[in-house]
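A quick write-up on the structure given underneath.
Reminder, nothing fancy here: chain letters follow the sequence lines and each chain counts from 1.
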Amino acid sequence: MSEQKQTYDPATIEPKWQQFWRDRDVFRAPNPGEPGFDPGKPKFYALDMFPYPSAAGLHVGHPEGYTATDIVSRWKRAKGFNVLHPMGWDAFGLPAEQYAIQTNTHPAQTTAANIATFRRQLQRLGFSYDWNREIGTADPKYFRWTQWIWKRLYERGLAYESNAPVWWCEALGTVLANDEVINGKSERGDHPCERRPLRQWVLKITDYAERLLQDLDGLDWSESLKTMQREWIGKSEGAEVDFDVVGHAGTKLRVFTTRPDTLFGASFMVLAPEHALVATITAAAQRDAVDAYRKAAASKSELERTDLAKDKSGVFTGAFAQNPLFAADDPQGRIPIWIADYVIVTYGTGAIMAVPAGDERDFEFAHTFGLPVPGIFAPQTGDAAADAAIAAGERCCTDEVPYAAHCRTADGSLVLAGRSLADGKRATIAWLVARGRGEAKVTYRLRDWLFSRQRYWGEPFPVLHTQDGIELVPDDQLPVELPHMDDFQPGGVPESPLIRARDWVATRDGKGRPAQREINTMPGAAGSSWYFLRFCDPHNEREFCSKAASDYWLPVDLYVGGTEHAVGHLLYSRFWTKVLHDDGRVGVVEPFHKLYNQGMIQAFAYEDARGATVPMANVEERDDEVVHRQTGEKLKRIVTKMSKRYGNVINPDEVVGEYGADTLRLYEMYMGPLADSKPWNPKDVPGVYRFLQRSWRLAVPEFAEFGSIHAHLRQDRADDPDLEKALHRTIHKVSGDIERLAFNTAIAAMMIFVNEATKAMDKLSRSQVLRFAQLLQPFAPHLAEELWQRLGGEGLLAYAAWPAVDESMLVDAEIEIAVQVLGKVRGRVMVPTDAPKDVVLAAARAAVASQLEGKTVVKEIVVPNKLVNFVVK
RNA sequence: GCCGGAGUGGCGGAAUCGGCAGACGCACAGGUUUCAAAAACCUGCGCCGCAAGGCGUGCGGGUUCAAGUCCCGCCUCCGGCACCA
């Protein structure tokens with residue numbers, strides 16, 4: 001007798017189904033008009049943030065979000081949706097180029113190899129992508145359209161050359177956009193950066209600031225993410241006010257303020273050291289001091305100006321300004337003009353009116369340099385000492401409090417006393433406008449998008465520099481491809497490596513005259529700002545994406561990815577979508593309806609007594625303890641990022657090799673809520689593997705001699721009512737949980753069902769196991785498809801409809817309720833579901849009779865089908 | 001400093017609308033099977049207590065018949081912003 005075991009073996013069933021799905025194009029998503037398209041179906045667009053294919057290969061963090069969208073995609077298909085679920089590669093960028101410099105391999109070559117690795121790794125995980133739609137941003141067929149879109153931006157006046165100061169990173173040999181610089185250091189590599197004036201291409205995203213802000217309201221994004229974008233856009237409403245400079249007839253000093261109502265308290269002015277007016281107004285006696293200060297400010301790195309320079313510094317220019325609220329001969333209105341580096345030249349007008357009574361920075365500055373602090377408020381909080389301090393200008397006040405009686409012009413044309421803050425602002429602005437001294441003004445913190453890099457591995461600009469200026473490369477000559485080069489060393493300021501490709505740079509313009517190609521390239525975020533559009537129509541050679549295709553698929557219904565793109569990629573994509581909308585080429589104004597940020601997958605690491613992290617190679621488990629392999633010292637477990645240095649990086653290939661893709665998918669979803677960061681615990685992985693084994697065992701006998709499925713599953717029979725109820729409950733729970741992306745609890749519900757079904761295994765019907773396989777399919781598609789096939793399910797499980805829930809199966813005839821006395825559970829009792837109150841109370845009283853003895857019940861609370869609470873005396 | 005988010009057994013986590021805290025999984029303990037199992041299965045498992053019972057969701061208050069959940073004041077951790085006028 002042969003004893004061939006039929007154990008759950010992902011190593012055979014997973015490749016089998018992956019091949020099957022691929023060979024039959026099972027997950028192809030037809031566009032309107034294509035064969036197989038069903039206009040009766042609703043659409044669903046589930047998108048992952050496509051990866052940058054690094055040399056390190058897939059990380060366990062990647063499949064987390066990808067599994068989540070795959071579950072939703074498979075579920076939506078089962079619910080009758082036409083699902084677009086594509087994957088591609090964000091393939092231009094710095095790491096490939098850095099690697100190329102180190103190894104002297106062409107970035108195109110390493111990129112191709114990395115993509116091949118990523119594709120293979122992703123395909124091993126059984127994601128239901130429509131691989132026909134695969135795209136890569138470094139592919140000329142793709143970036144032809146990136147260049148084409150850039151031309152539309154240019155034509156609409158949204159792309160321009162600028163010489164304003166930009167972030168320059170010496171170590172990376174390129175300039176960087178604002179969101180790529182954090183505290184004066186590069187986001188990638190943490191290298192110091194500094195501001196330098198260089199010719200750059202810039203996109204006028206600020207033209208869209210208001211719409212980017214307003215349209216956030218309608219999006220199904222987390223509040224925290226919307227807040228991040230709102231703060232990045234940084235809208236401030238206030239006024240611009242003109243001050244005359246005393247002794248410089250006709251010279252006006254314009255400032256921006258959000259508190260025009262505090263103009264009465266302006267006691268000095270501050271200009272940014274770089275402000276253009278400094279040279280004009282500085283008095284001879286102060287010139288040396290001012291020049292020295294400006295020089296010092298210019299040589300300070302941005303780090304020193306932000307991180308270290310918390311103490312206020314500045315220099316008096318010797319000039320005075322005239323406060324427009326006061327008469328020219330009123331000495332109160334004549335205030336000194338200083339320069340200080342706490343005022344930033346690029347924000348507002350680069351100059352402020354300082355109101356120390358109402359602004360903490362100005363207060364601190366006044367305090368440092370002994371400048372007057374005129375009180376302008378008369379608070380009545382009840383704290384007499386505090387009120388007096390504020391009134392006297394001894395303390396700064398930024399809250400809304402009443403204005404002091406002297407906040408009025410001499411002629412009474414403006415009186416603030418008695419007004420609210422909002423009204424005070426309004427009145428002051430009206431007063432200024434009437435006299436031509438200022439206007440209401442909205443300012444944004446958002447700056448224009450620095451859109452060029454001095455690097456090789458990016459999209460070339462479709463731009464020629466001719467003797468007449470800028471000339472665009474005609475659409476029919478796109479793409480402008482990169483020249484082949486063997487040396488990608490950054491060329492330094494302001495030259496990109498492309499300057500060395502002389503034959504490429506030197507070309508001819510439309511009139512046949514000599515011209516030079518633009519040697520800067522586009523930033524990494526260029527290609528990713530519209531890839532979700534290309535996925536809708538990836539092979540179109542006439543358009544970047546047909547209007548019909550984007551009208552059908554957009555917006556993305558679910559977009560999952562990490563929070564690191566909160567202000568960069570997500571803002572840029574929204575911007576490009578709006579521009580393409582305004583150009584009449586895209587119907588929607590927002591690309592991503594629902595956005596969900598996955599958490600980070602962390603790892604355990606171990607610390608010694610000094611708090612130093614011990615590499616995993618030196619960590620050993622002995623008995624119940626974790627100790628240092630050499631010293632034997634007891635170690636403390638901590639949760640941290642996965643890092644090569646600690647040796648705690650989990651490789652998904654190894655997990656798939658040992659347990660299979662279904663286990664990896666399931667474990668990543670079971671670890672905890674998708675949005676949370678949580679540590680990978682290798683010891684937890686076998687738990688979900690065991691669950692899959694038990695699921696397998698529901699259908700498949702241990703030994704092959706008993707057949708490929710259990711005998712009692714070979715034909716249909718009546719469903720066991722208890723198991724049937726349990727199954728309906730599970731379907732209900734799993735459906736609801738997928739809808740709210742709570743995959744961990746959906747899996748727990750399936751575990752409960754399998755545990756129950758295992759105990760009554762021979763009572764299971766074929767229909768029940770088939771429906772369970774349908775439930776499992778989005779999570780563990782290979783195993784589920786295999787069970788479906790063995791049980792003779794109709795067609796492919798991937799195309800099967802989601803099982804129906806019979807609502808009546810969700811209620812029991814009887815239900816157990818808790819009986820509390822004074823809020824503590826003292827008993828339990830079975831009562832009929834939805835029983836009348838008096839029946840429940842009678843049963844409850846009986847259940848806690850001993851507790852109620854000798855006491856008076858003063859109140860009875862009945863929560864239907866849940867509990868009874870007796871309040872006694 | 002400001003703005004978000006979080007803090008629940010030995011561990012990951014559950015409790016969706018103020019209604020039985022600890023679902024599910026891991027680890028651990030005991031058992032069955034076994035030549036032996038690291039495999040499979042069964043049972044137990046918040047803490048204190050022999051028990052009755054008491055205590056328990058970061059800490060201190062409060063609202064309520066009832067609080068992990070709501071309110072006030074703190075502590076810690078994570079993320080973002082950081083002289084933006």
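OP1 or OP2 of rG80(B) has not a single side-chain nitrogen or oxygen of Thr227(A) nearer than 4.0 Å. A close approach under 4.0 Å does not occur between any side-chain nitrogen or oxygen of Lys678(A) and OP1 or OP2 of rG12(B). A close approach under 4.0 Å does not occur between any side-chain nitrogen or oxygen of Lys226(A) and OP1 or OP2 of rC3(B). For the OP1/OP2 pair of rA14(B) and a distance below 4.0 Å, the side-chain nitrogens and oxygens of Asn744(A) include at least one atom meeting the criterion. Listed pair Tyr347(A) / rA85(B) meets the phosphate criterion, a side-chain N or O lying under 4.0 Å from OP1 or OP2. Considering only side-chain N and O atoms, Asn597(A) lies nowhere under 4.0 angstrom from the phosphate OP1 or OP2 of rG79(B). For Arg230(A), no side-chain nitrogen or oxygen approaches OP1 or OP2 of rG4(B) to under 4.0 Å.
Here rG79(B) presents its C1' atom at 14 Å from CD of Glu187(A), a figure rounded to the nearest Å. At whole-Å resolution of the value, CG in Asp362(A) and C1' in rC83(B) are 10 Å apart. One atom, NZ of Lys866(A), and another, P of rA67(B), lie 16 Å apart when rounded to the nearest Å. Going from atom CG of Leu674(A) over to atom C1' of rG5(B) covers 15 Å, rounded to whole Å. One atom, CD1 of Ile747(A), and another, C1' of rA14(B), lie 14 Å apart when rounded to the nearest Å. We find that CG of Leu225(A) is positioned 14 Å from C1' of rC81(B), with the value rounded to whole Å. For Lys683(A) and rG13(B), the NZ to P distance is 17 Å, given to the nearest whole Å. Rounded to a whole Å, the CD atom of Gln598(A) is 16 Å from the P atom of rG79(B).
Among rA23(B), rG4(B), rC3(B), the nucleotide with an atom closest to any side-chain atom of Glu231(A) is rC3(B). Side-chain proximity of Arg826(A) to rC55(B), rG54(B), rG4(B): nearest is rG54(B). With distances taken from any side-chain atom of Met228(A) to the nucleotides rG80(B), rC11(B), rC65(B), the minimum falls on rG80(B). In the set rC65(B), rA85(B), rG12(B), rG12(B) carries the atom at the smallest distance from any side-chain atom of Tyr670(A). Distance from the side chain of Arg445(A) is smallest to rA82(B) among rA82(B), rG19(B), rG25(B). The side chain of Met751(A) lies closest to rG25(B) when the candidates are rU16(B), rA66(B), rG25(B). Closest contact between the side chain of Arg740(A) and the listed nucleotides rC20(B), rC83(B), rU16(B) involves rU16(B). Checking rA14(B), rG4(B), rA21(B) against every side-chain atom of Pro673(A), the shortest atom distance belongs to rA14(B). Side chain of Val863(A), nearest nucleotide from rA15(B), rG19(B), rC20(B): rG19(B).
Note on ring orientation: taking the six-membered ring where Trp is involved, the planes of His565(A) and His569(A) are perpendicular (angle over 60°, cut-offs 30° and 60°). The aromatic rings of Tyr667(A) and Trp680(A) lie perpendicular to each other, with more than 60° between the two planes, well past the 30° mark. Taking the six-membered ring where the residue is Trp, Phe256(A) and Tyr347(A) present perpendicular rings, their angle passing 60° and hence far from 30°.
Within residues 562-569 of chain A, no residue places a heavy atom under 4.0 Å from RNA chain B. For the segment residues 688-697 of chain A, the set of residues with a heavy atom within less than 4.0 Å of an atom of RNA chain B comprises Arg690(A), Gln693(A), Arg694(A), in numerical order.
Looking at Lys312(A), its side chain comes within 3.5 Å of the base of rC83(B) through a donor and an acceptor atom.
Pairing of rG1(B), defined by two Watson-Crick or G-U wobble distances under 3.5 Å, is identified with rC81(B). In this structure, rA40(B) forms a base pair with rU32(B), meeting either the Watson-Crick or the G-U wobble geometry with both donor-acceptor distances under 3.5 Å. Base pairing annotation: rG7(B) forms a Watson-Crick or G-U wobble pair with rC75(B), both donor-acceptor distances under 3.5 Å. Across every strand in view, rC70(B) sits in a pair with rG62(B) that passes the Watson-Crick or G-U test at under 3.5 angstrom. With both pairing distances under 3.5 Å, rC55(B) is matched to rG46(B) as a Watson-Crick or G-U wobble pair.
Residue contacts for Pro686(A): at a heavy-atom cut-off of 4.0 Å it reaches no nucleic acid atom on any strand shown. In this structure, Ile752(A) reaches the sugar-phosphate backbone alone: every heavy-atom distance under 4.0 Å involves primed, P, OP1 or OP2 atoms, never a base. Within 4.0 Å (heavy atoms only), Asn755(A) reaches sugar-phosphate atoms of the nucleic acid but no base atom. Counting non-hydrogen atoms under 4.0 angstrom, Thr443(A) reaches nothing in the nucleic acid. Using a 4.0 Å heavy-atom criterion, one finds that Glu223(A) contacts no nucleic acid atom at all.
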* Output, in order, the C-alpha distance, side-chain angles, deciding distance and verdict of ring pair (Phe, Tyr, Trp, His ring centres under 6.0 Å) for Phe691(A) and Tyr670(A). => CA-CA 12 Å; Phe691(A) 160 69; Tyr670(A) 189 63; 8.4 Å; no
* To do: Walk me through it: do Asp362(A) and Lys312(A) pass the test salt bridge (charged side-chain N to carboxylate O under 4.0 Å, His left out)?
  => CA-CA 9 Å; Asp362(A) 299 344; Lys312(A) 293 282 181 291; over 6 Å; no
* To do: Given ring pair (Phe, Tyr, Trp, His ring centres under 6.0 Å), test Trp338(A) with Phe369(A) step by step and report yes or no.
  => CA-CA 11 Å; Trp338(A) 287 61; Phe369(A) 293 99; 4.8 Å; yes
* Derivation of the salt bridge (charged side-chain N to carboxylate O under 4.0 Å, His left out) call for Glu860(A) and Arg845(A) -> CA-CA 10 Å; Glu860(A) 295 160 333; Arg845(A) 267 175 192 280; 2.6 Å; yes
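For Lys678(A) and Glu64(A), the salt-bridge test passes: some basic side-chain N is under 4.0 Å from an acidic carboxylate O. In this structure, Glu702(A) does not pair ionically with Arg697(A), as no charged nitrogen and carboxylate oxygen lie closer than 4.0 Å.
Of the possible polar contacts, none joining the Asn865(A) side chain to the Thr833(A) backbone as a donor-acceptor pair under 3.5 Å is found. Here the side chain of Glu240(A) pairs no donor or acceptor atom with the backbone of Lys441(A) at under 3.5 angstrom.
Rounded to whole Å, the C1' atom of rG18(B) lies 7 Å from the corresponding atom of rU69(B). When the P atom is used for both rU43(B) and rC50(B), the distance is 27 Å, rounded to whole Å. When the C1' atom is used for both rA36(B) and rC20(B), the distance is 45 Å, rounded to whole Å. For the P atoms, the distance linking rG53(B) with rG58(B) amounts to 27 Å, nearest Å.
Base orientation of rC17(B): syn, the glycosidic angle falling within 90° of 0. For rG10(B), the base adopts the anti conformation, since its glycosidic angle falls more than 90 degrees from zero.
Between Tyr8(A) and Tyr689(A), a ring centre-to-centre spacing shorter than 6.0 Å is recorded.
The number of heavy-atom neighbours closer than 6.0 Å to CD of Glu853(A), taken from other residues, nucleotides and ligands shown, is 12 or below.
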